[in-house]
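Here the structure comes first, spelled out in structure tokens, and everything after it is commentary.
Note that the structure is predicted; figures quoted are calculated from it, not measured. To find a chain, count down the sequence lines: A is the first, B the second, and so on, and within it residues start at 1.
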Amino acid sequence: MSAGAHETVDHRADRGTPSGSVKEDPMEQRTRDQASKGAALFLWAVVVVALGYGVVSTAIQAAALFTG
Amino acid sequence: MLSFLDRDKSVAPPGYSRWFIPPAALAVHLSIGQVYAFSVFKTPLVERFDTTLTAIGVVFSISIVMLGLSAAFGGKWVERNGPRKAMFVSGLCWGTGFLVGALGVATGQLWLLYLGYGVIGGIGLGIGYISPVSTLIKWFPDRPGMATGLAIMGFGGGALIASPLSAALLDRFGETPADAIVPAFLILGAVYFTAMMLGAMTVKVPAPGWRPDGWQPPTDTAGTPAVDPASEGVSVERAFRTRQFWLLWIVLFCNVTAGIGILEQAAPMVQDFFTGVGPAEAAGYVGFLSLCNMLGRFVWSSTSDLLGRKRTYIGYLGLGSLLYVLIAVAGTSSVVLFVAVTGVILSFYGGGFATIPAYLKDLFGSFNVGAIHGRILTAWSCAGIAGPLIVNVIADQQLAAGRSGADLYTFSLYLMVGVMVVGFVANALVRPLPKAAPVAEPKDADTSREPV
């Protein structure tokens with residue numbers, strides 16, 4: 001789902017200094033954003049696999065209540 | 001050198017999908033949720049230090065106390081510095097906690113285990129627990145219950161992952177589990193540190209003024225010029241002085257007290273209710289309750305976005321108290337009934353934890369919601385003492401009076417019904433903050449206000 005961001009407030013004015021990425025090289029900025037997105041996707045995969053491992057392990061243990 | 005951790009450097013660029021944020025929050029909560037699986041290490045630690053279960057149990061108690069203290073007093077710092085720095089500090093503390101704890105185990109110094117896993121790790125727990133809450137609420141103003149439910153579900157899920165993982169590590173890295181504690185601590189510390197750093201690197205805050213496509217904040221339909229405190233945002237100092245905060249504190253305290261009483265005594269309780277249930281089945285029952293606890297955090301908190309927070313807590317506390325009566329009256333009639341009813345109760349317990357940040361956001365706005373959430377978690381610390389104490393003391397007294405089986409718990413179950421009724425009444429008394437002229441924040445309040 002795309003967030004479709006649109007700024008209604010200029011956050012550069014919020015602190016009186018340029019916000020972190022405003023003055024940076026656009027190419028460098030784009031590369032970092034892509035890396036951040038890639039890392040987030042990787043993290044999604046990691047947490048889903050980890051949660052799946054936990055849920056399946058626990059469900060097998062819980063099954064003993066009815067099959068034991 | 002660490003300026004990349006600053007809030008300014010973590011502002012999302014235009015078009016950045018908000019669905020890239022939940023895995024960062026989950027990475028942190030799944031990691032710190034390990035604390036609920038600490039019991040896996042208890043017996044090996046007792047053997048390693050040649051000490052008592054009580055002396056080892058102190059490690060867990062210190063970490064939970066430090067969780068409450070750091071969440072309560074570190075909330076303002078988290079709000080000021082943003083989620084990236086908070087997650088970084090949390091990961092550093094949690095990883096260092098394992099490292100110092102491993103050193104304590106290796107050198108036979110129990111105080112180092114208290115200092116490492118208990119104090120340093122406990123600070124990581126508190127900061128990590130509250131760090132993604134405010135950010136998620138700002139990214140999902142249209143579905144705050146679902147967003148915080150997703151993160152806080154991770155804390156419940158952390159134990160489900162850590163428990164089998166720790167058991168496997170203890171089995172693999174030494175001749176006996178006691179010999180494998182040091183490598184297991186080092187591996188867990190490294191894994192959790194890495195996961196939390198990945199979370200810290202990927203978390204981003206929305207640009208000021210950002211809103212989801214097509215979503216408008218609720219407006220005052222009466223058209224009055226008065227200021228709605230929830231949309232303006234209330235500072236933690238001001239929220240702390242309101243009746244609403246303390247009513248919600250009571251609501252959380254009652255909901256947690258009732259749930260934790262069952263959770264802490266689950267294994268002996270099911271065996272006392274049903275003579276045919278042995279230790280293996282009881283362990284399975286505890287696992288089942290953990291699953292219900294985890295799923296309740298996501299399902300009920302998401303449902304609260306549709307039902308409204310107050311109605312959701314009416315369900316947790318009202319329906320919950322009826323289910324307690326059902327166990328007291330007919331709990332022994334069927335294992336399936338007992339398991340199903342306690343499972344629903346534990347899902348309400350988890351739901352209560354996960355829905356409270358969204359309830360706070362509804363009442364006080366998102367300006368200082370992370371810090372306010374940190375303060376209200378002191379109710380958890382108090383309930384963590386009260387719940388098990390009520391059930392254990394009463395069970396001991398009933399045992400001394402010659403009772404046995406399910407009779408050991410009947411009185412405490414009815415007492416829990418009373419606790420939940422108190423919470424129900426407190427929830428019923430919660431009203432939105434009165435609309436008023438703009439109120440100047442206290443001088444010590446955070447002035448780097450970030451509009452949402």
Side-chain angles (χ1 to χ4, degrees), chain A, chain B residues 3-4 6 8-24 26-27 30 139 154 157-165 195 198-199 201-202 204 206-214 270 277-278 280-288 290-291 294 335-336 339 448 450-451:
Chain A
M1 186 187 297
S2 170
H6 55 273
E7 292 187 32
T8 55
V9 178
D10 182 357
H11 59 268
R12 283 171 294 178
D14 204 30
R15 287 176 176 265
T17 53
S19 95
S21 52
V22 171
K23 277 189 172 177
E24 288 176 40
D25 175 12
M27 277 296 286
E28 192 183 320
Q29 172 72 32
R30 205 164 29 246
T31 307
R32 198 164 37 234
D33 287 344
Q34 288 302 324
S36 182
K37 286 177 186 177
L41 283 172
F42 171 71
L43 214 47
W44 255 130
V46 169
V47 297
V48 167
V49 168
L51 264 175
Y53 165 72
V55 169
V56 170
S57 305
T58 309
I60 291 169
Q61 189 190 25
L65 185 63
F66 301 102
T67 58
Chain B
S3 63
F4 66 95
D6 291 345
D8 284 356
K9 299 285 167 65
S10 58
V11 176
Y16 196 81
S17 170
R18 58 179 175 170
W19 290 98
F20 288 135
I21 309 304
L26 271 168
L30 285 170
W139 274 111
L160 299 188
I161 297 165
S163 189
L165 181 63
L198 265 175
M201 293 308 116
T202 53
K204 287 187 184 293
W210 178 88
R211 285 175 194 163
D213 267 346
V270 72
V277 173
E281 290 83 11
Y285 173 64
V286 174
F288 170 77
S290 302
L291 271 177
M294 185 191 83
V335 178
V336 174
V339 169
S448 59
E450 186 191 53

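- A distance of 4.0 Å separates OG1 of A:T58 from CG of B:L160, quoted to the nearest 0.5 Å.
- What you find for A:W44 and B:W19 is that their closest heavy atoms are NE1-O, 2.8 Å.
- The parts of B:A27 that come within reach of chain A are both its backbone and its side chain, each placing non-hydrogen atoms under 4.5 angstrom from that chain.
- No side-chain heavy atom of B:V286 sits under 4.5 Å from any side-chain heavy atom of A:Q61.
- In terms of heavy-atom proximity, B:I161 sits nearest to A:L51 at CD1-N, 3.9 Å.
- Using a 4.5 Å heavy-atom cutoff, the side chains of A:K37 and B:Y16 are in contact.
- In this structure the side chain of A:L43 never reaches within 4.5 angstrom of the side chain of B:F20, judged on heavy atoms.
- Heavy atoms closer than 4.5 Å to chain A are found in both the backbone and the side chain of B:L198.
- Within the 4.5 Å cutoff, no side-chain heavy atoms of A:S36 are placed close to those of B:M201.
- Within the 4.5 angstrom heavy-atom criterion, atoms from both the backbone and the side chain of A:V47 approach chain B.
- Using a 4.5 Å heavy-atom threshold, the side chains of B:T202 and A:F42 count as separate.
- Here the shortest heavy-atom pairing between A:S57 and B:P164 reads CB-CG, 3.8 Å.
- When heavy atoms are compared at a cutoff of 4.5 Å, B:I21 does not approach chain A at all.
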